[in-house]
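Input: a single structure, listed below in structure tokens.
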Amino acid sequence: MLRIPCPHCGARDEAEFAYRGDATVTRPGPDGDIAAFHDYLYARTNPRGWQVEWWQHSAGCRAFLKVLRHTVTHEVRAVANAAETLEVPPA
Amino acid sequence: MSQPHRRQAGGHIDRARRLAFTFDGRRFEGHPGDTLASALLANGVRLVGRSFKYHRPRGIFSAGVEEPNALVELREGARREPNTRATVVELFDGLVAGSQNRRGSLAFDWMAAAGLLAPWLGAGFYYKTFMWPAAWWERVYEPMIRRAAGLGHASGMPDPDRYEAAHAHCDVLVVGAGPAGLAAARAAGATGARVILADQDVLLGGDLLNEPGLEAWRHETLSAIAGMPEVTVMPRTTVFGFYDQGVLGAVERVADHVPEPPPHTPRQRAWTIRAREVVLATGAHERLIAFPGNDRPGVMLAGAARGYARRHGVRAGESAVLFATHDGAYDAAFAMAEAGARIVAIVDPRQDSAAMQRAREAGFDIRTGSEVCGTVGLTALRGVSVRGVGAAGRGDAFAADLLMVSGGWNPAVHLASMSGAPLAWDEALLAFVPGAPVQRERSAGACRGVHGIGAAAADGAAAGHAAAEAAGFVAMPAFPLPDAPAADCRPCELWEVKGRGKAFVDLQDDVTAADIRLAHREGFSHIEHAKRYTTHAMGTDQGKTGGIVGAAVLAEARGEPVSRVGLPRFRPYAAPIAWGAMAGEGVGKHFQPTRRTALHGVHEALGAAWLDAGIWKRPAYYPRPADADAWASVLREARAVRERVGICDVSTLGKIMVEGPDAATFLDRVYANTFSTLPIGRARYGLMLRDDGIVFDDGTTSRIGPESWFVTTTTAQAGPVMQHLEFHLASAWPDLDVSLASVTDQWAAIAIAGPRAREVVAAVVQGLDLSNEAFPFMAVADCTAAGVPARLFRISFSGELAYEIAMPAGYATHVWQAAMEAGATHGIEPYGMEALGLLRIEKGHVAGPELNGQTTAQDLGLGRMLKKKGDFIGRVLAQRPGLTDPSRPRLVGLRSVDPARQIRVGSHLVLPGGDGRSQGWITSVTRSVVEPGWIGLGMLREGEARIGSEVLAANPLMGEEVPVRVVSAHMHDPENIRVRA
Amino acid sequence: MSAPEPTHPLAAHAAPGRHGAAGEAPLRVTLPPRDIVQVMARRGRADALAEAARASFGLDLPHAGHAATGKDATAIWIQPGHWLLTAPRGVEGALAARAAAAFAGLAAVADQSHGRITIAIAGPAAHSVLARGCRLDLHPRAFGPGRAAATQIAHVGCLIHQTDAAPVFELTVFATLAEPFFHWLMEAGAGAGVLIE
Amino acid sequence: MAGYSGFRILLEGLRGNSGWHQAWRKPEPSPTYDVIVVGGGGHGLATAFYLAEVHGIRNVAVLERGLIGQGNTGRNTTIVRSNYLLPENNNFYEHSLKLWEGLEQSLGYNVMMSQRGVINLFHNDAQRNAAIRRGNSMRLNGIDAEILDREGVKAMCPIVDLDNGRYPVMGGLMQRRGGTARHDAVAWGFAHAADARGVDIIEHCEVTGMILAGGAIQGVRTTRGEIRAPKVGLAVAGHTSTLTEMAGFRVPIETHLLQAFVSEALKPLIDCVVTFGAGHFYISQSDKGGLVFGGGLDGYPSYGQRGTLPEAEHVYAAGVSMIPALGRLRGLRSWAGVMDMTPDGSPYICRTPLRGLYMTAGWCYGGFKATPGSGWCHAWTIAKDEPHRLNAAFTLDRFREGRMLDERGNGPFFWAQ
């Protein structure tokens, strides 16, 4: 079971969180065209390894968090607030 | 009722008390401290079950969770538990058990005829036959196979017992309370760390329970642990799984040792344990040796026989042969001799060893360099054949009723493996031991190959210290460890004795060494393929005693070392777990919480018929004695709204307070239509799209102040909309200063609708001019209603003049009653969801069935709402050709041509005289009060062009085909005169 | 017409008296009436908001995971920039009006007095009862008086605020889900016994 | 090689079962093939079988990085059905179901296809209406479907508690021709039959790179050397993104894990496949007697092939809610597969941006029942370099065009399908 260290609430069980997609894609601005929105919504790197993801602490503080997590080991290495940037470590 | 095989004294048995039980209807007695297996053995019951495939007679093979054979149906009636291992059932007074997987009696199971067909029933035979004729599989072959297969019978009745979930946190979790686990818990506990010590047994001590000489140390250790306030001891608790990030699952058997749970007590409790550090002290399972006839009742693991003799004071046999490949098993012979059994012979493939010397000094007949090559007996062992290792022939016969076997020990690495740790081959022990940990865990004692009580305890103490230190605690001084010489458990390599007859590697599923070799011949040479092809190690025991033996047979066939072959991957669960325990208490009525509005009691008092809307309970309609049926109630309620006035609880709609300097900008982006232009004190219907251009939700949203908005959502999407808003604020527009608060629970809401609504509302609400000029359609104002603060909206879902009064939820009943009183003279009637649906279908308002996540704004006739200027969620991708395709089905109204013929939601629309292909479908249906008959809404290709024509509502599922006329979706008051009245 | 007494969602479910087993140390349960206001800080106005809270309510707005009690109100951190301000039940809307006045321009204020209800539990069984559904570590080394945490118990969102080491926990839940939550609490407490006061 | 039959079993039994040979050869890879299929699960093996059987293309290699049938083919809950709403889906799955119905005879291998009926329970009007729409869509496309009332459900599956206290059962949508099959045998049967037609099945051969030239694929690099072919088909459920990354493009796929469970073996208790409508849960009973059951995704991307407790607890709770008699039975094992989840829940069988590279992917958790249909359509697409009409809609480009196949309207969220 995942335990995600919420920067506000501390380590909490996976059951309190909701995954909300790849956080490395950025929503295009008002000038975005179909291709840009297509890539934002659909095209995925889907790495077998480290990935930065959106998770909402939905049953806790409701913050949307960026979580650096490994998709094979499930290790959570870093959690940040939405405005912060998390770097994906080299493979 | 004597217990002829019970010792006079010794062991952890309370001989002063007697417990009566029955097995297959025969009455027996045992004592507290017994397992069902030990009590059966004490009474001389040897035949306990039948095997899976060949229905061979089987007895008690082990003394623990690893038991493959002695599976029984425990208890009766709704509490019957099939496949229960007699070796772990604590005996209680009144226990009832029966044998399983037999046709006829246990002694004369006619399914045992399958054994005669064994040459044709080898591994995977069923993949190669039963193919012709094709139709026979379901009719003939499969039912035959299914009846023959399976083990015990489920009761088929609802389980009467209750289960609990529970959560725990600790610094150090110690799994297993044998010598290593006890020492680990004591060492870790002494540091002040929070420790949980869990063991599946009722008595803690593991192998110490077989050593009377070490009882003092066991007691002293337990009392030391009991004195540590932060150490929690959990007996009868099986840790079944090691999950990511230090989370383990365990099941505590709270009331399995009594006939039924006492009041307010669950049968079992499922623990989720979060541990910073884990010490695995799970011990080892003794392994079998594959030799012909190694399954006969009376063939038993040596350690089990020793345990029955020492712990339970039971002789598993009166004349015993020991077949062992290492010194660690010899104590079984001494234990049996102490217990009064005759040791017929000790058979050992080795030539000499320290244990042999001692055994020889004790006067035992040792057959060195020998192996057991066969057994005799039908439903119980009568004799054993012994020959020189690898020799030909049948060997020498020895009469015996117990054959104790030990091929070495398999460390119980299940949890370590589940934690992610690789397994490493230990050439000395001929066993897999845990490799380098991946998680914060360490193994101690026999589960990593450290045998002997003294050595295991020392290993456990070190692990406990290390774990506590790793968790940030300071290690404390050492404590005395048990002084016990360790026997050498390194076996000589002997996995299989080849000969005539079946040599089983998996006793439960009847997998023989020959099956493994057949699998190899057929190319299923990898252990995972061989396992699946033969079902080796897939029984309830998961191959705990024979898994490695099968791997070794495969290794020999492949000409490779066992270490190369490996074991199949370990998956949860370490031992089978009760379904009810995993489910916990959130089942049945409590599977999901029931959400109730503040007016729930009002609806109850009105005798509402209920419906489920997500987790909400909502009134469907309010039946009255005079109503002939449900439709009569619904039509009556709807007619009241169309003709007079009705009142409805609309509290379940999602309500979100949106406030801040950027609130208007935010709403313009999340709604497809414009909100920033909305004046204060006005509401507007809003449409939200998803980013993919599909309609997400709708609702009316009001401007309460310059920066303050009151957003409503549909009932179903309240949660998703909130998350959608929060997500975009956090991820896409972090620059916007907007606060969101869900106020769904704070505000209850009542709709009052109908031509007389104004009079009723005017009588309830104070301080507002309700004239059409002062308070027109889509007006919003704060007010007082029946003396409580409230907010009034002039909005309509029904197509009539209507208002919604929102008030703090605690006052909802008060306001409802005030409205009912005020409406009495106007003939007010409460209406439920069915009438609400009727009214909105007549009006052509879309709702859940149309907003189903597959429709665009254009599909729903709402395309004109999309703003032309400015960005909003869904704008770009809504322009994709597939979504703007004019041939997409569009929303239309439908009316049954024959008013008496019912149409149904889910019918497809097909063209009369056409090819029968679906041109659309019906989304919503009701009977109409405006123009009697059946009407509906639907999605239809070229819908607008077909208005006025007839199509067929095809419902082949129910054998119906009903002509319907395509009409405008807005069947009632299309000019909106009534809502603006 | 004066405002009537609001209906409590548990009025029909929390009859005073003993429930469950007849233990010597039952879980003691009360339903303290509370006014509850959600306070949501404006962007960049945290310092001014904190100052206003000190001035008007005599409390320091607490950090994540904590609660702070002032002269007549308690503030509980619930999410970044959001607090629940609670006080014993008073005149309808008065706490919200006070907060709105005190925090004008600094925070949005939403009255939640009817949207949330508070259940207080006390007694030595409180920890083990909560452990039946609460996934958090409430051990004195990890939690304690003045600590607060939002979580989920039996599928219902629950704000846990420990007010006393005795221990006493105040559990604040959504009003429309109060009944199933209370049912869970009664079931969880049945083994120890429950005394509804 | 002699085929399998009851007669041969009789013969072999009489001579000590010594005459059985490898069910498929273990060849060394050749340097070139006409077609390489990457992935030795059911879909890849079926692709190879139909290439040989239908299109006469026998110079085919199936490259499997581990053992055949050990990925999702061996990790599912063995359900076979074609009860879909959208015509693009139900026509495809119906074709697949028809292939299933004759699979034993086509392959000469008993995959134990058991048409015991699949019932989707519904618990409220909205669910019933959706079931009727789906059932009628099936019927109008020539697929069997029946609507069951409460008594009908009781007759098919008496152990279901119709009144489960929270969400009483209103009825069910049943596809009688749906059922289960023995998952491992599907891989072995396709392997056996493809091998017999000349296909090289090469295990322990992991693809590590793609050989590209001029915008077209030339072959693959593997742990056993370079293998060349003008056409390469991917059938690597769960790992599609890893392979397409080698080919230089991204696909609309996120890999998620799905748990499955089996109970201890029992005498016959449940005779059909039944799904709970009020929570994620479905169950059937294997011929060996184990109850095979599962639920929804754990909810986050994972290649880990292991599930976690919270979703398992939900599955068990839903199970007891639907069938209270399950409470005293025991869960024996749990495991997880990793799924290619797509943003509309529907698959891809198509050409790719790279010439000569094809894929069958994105099966979400519907891959097992699709096995023969997927292989058949994939083989067609490879052989003809264009899709069959049955898979014409299963393209990667449908999201650019706005032609999603969103069966349940859950929106563009991989984890919500």
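Just so we're clear, the structure is a prediction, and the values are computed from it rather than from any experiment. Order of the sequence lines sets the chain letters (A, B, ...), proteins ahead of strands, with each chain counted from 1.
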Need one label for Phe249(D): side chain, backbone, both or neither, based on atoms under 4.5 Å from any heavy atom in chain A.
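Looking at Phe249(D), nothing touches chain A.
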Below 4.5 Å from any heavy atom of chain A, which atoms of Met341(D) appear? Answer side chain, backbone, both or neither.
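Neither the backbone nor the side chain of Met341(D) comes within 4.5 Å of chain A.
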Taking atom CZ of Arg224(D) as the centre, does the number of heavy atoms from other residues, nucleotides or ligands within less than 6.0 Å exceed 12?
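Yes.
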Looking at [Y], is its backbone amide N or carbonyl O close enough to the side chain of [X] to form a donor-acceptor pair, meaning the two atoms are under 3.5 Å apart?
X: Thr381(D); Y: Cys377(D); result: yes
X: Thr360(D); Y: Ile349(D); result: no
X: Asn76(D); Y: Asn72(D); result: yes
X: Tyr365(D); Y: Leu258(D); result: no
X: Glu64(D); Y: Gly40(D); result: yes

Pick one: which of Leu63(D), Ile227(D), Val232(D), Val236(D) meets side-chain contact (heavy atoms from CB on, under 4.5 Å) with Val207(D)?
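It is Leu63(D); the other options fail the test.
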In terms of heavy-atom pairs under 4.5 Å with chain A, which of Pro310(D), Pro301(D), Ala312(D), Pro252(D) leads?
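Going by pairs under 4.5 Å, I would pick Pro301(D).
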Top contributor to chain A contacts, counting heavy-atom pairs under 4.5 Å, from Val338(D), Ile253(D), Leu257(D)
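Highest number of pairs under 4.5 Å: Ile253(D).
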Pull every donor-acceptor pair under 3.5 angstrom between chain D and chain A and give the atom names with distances.
{"from": "Ser241(D)", "atom 1": "OG", "to": "Asn46(A)", "atom 2": "ND2", "distance (Å)": "2.7"}
{"from": "Val251(D)", "atom 1": "O", "to": "Arg44(A)", "atom 2": "N", "distance (Å)": "3.4"}
{"from": "Glu254(D)", "atom 1": "OE1", "to": "Tyr19(A)", "atom 2": "OH", "distance (Å)": "3.1"}
{"from": "Glu254(D)", "atom 1": "OE2", "to": "Tyr19(A)", "atom 2": "OH", "distance (Å)": "2.9"}
{"from": "Thr255(D)", "atom 1": "N", "to": "Asn46(A)", "atom 2": "OD1", "distance (Å)": "3.0"}
{"from": "Thr255(D)", "atom 1": "OG1", "to": "Asn46(A)", "atom 2": "ND2", "distance (Å)": "2.8"}
{"from": "Pro301(D)", "atom 1": "O", "to": "Arg69(A)", "atom 2": "NH1", "distance (Å)": "3.4"}
{"from": "Pro301(D)", "atom 1": "O", "to": "Arg69(A)", "atom 2": "NH2", "distance (Å)": "2.4"}
{"from": "Ser302(D)", "atom 1": "OG", "to": "His74(A)", "atom 2": "NE2", "distance (Å)": "2.5"}
{"from": "Tyr303(D)", "atom 1": "N", "to": "Thr71(A)", "atom 2": "O", "distance (Å)": "2.6"}
{"from": "Tyr303(D)", "atom 1": "OH", "to": "Asn46(A)", "atom 2": "O", "distance (Å)": "2.6"}
{"from": "Tyr303(D)", "atom 1": "OH", "to": "Asn46(A)", "atom 2": "ND2", "distance (Å)": "3.1"}
{"from": "Arg306(D)", "atom 1": "NH1", "to": "Val72(A)", "atom 2": "O", "distance (Å)": "3.2"}
{"from": "Arg306(D)", "atom 1": "NH2", "to": "Val72(A)", "atom 2": "O", "distance (Å)": "3.3"}
{"from": "Arg306(D)", "atom 1": "NH2", "to": "Thr73(A)", "atom 2": "O", "distance (Å)": "3.0"}
{"from": "Thr308(D)", "atom 1": "OG1", "to": "Glu14(A)", "atom 2": "OE1", "distance (Å)": "3.4"}
{"from": "Thr308(D)", "atom 1": "OG1", "to": "Glu14(A)", "atom 2": "OE2", "distance (Å)": "3.1"}
{"from": "Arg400(D)", "atom 1": "NH1", "to": "His38(A)", "atom 2": "ND1", "distance (Å)": "3.4"}

Side chain, backbone, both or neither: which part of Leu41(A) has an atom under 4.5 Å from a heavy atom of chain D?
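Both backbone and side chain of Leu41(A) come within 4.5 Å of chain D.
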Verify the ring-centre separation between Phe92(D) and Phe394(D): is it less than 6.0 angstrom?
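Yes; Phe92(D) has its ring centre under 6.0 Å from that of Phe394(D).
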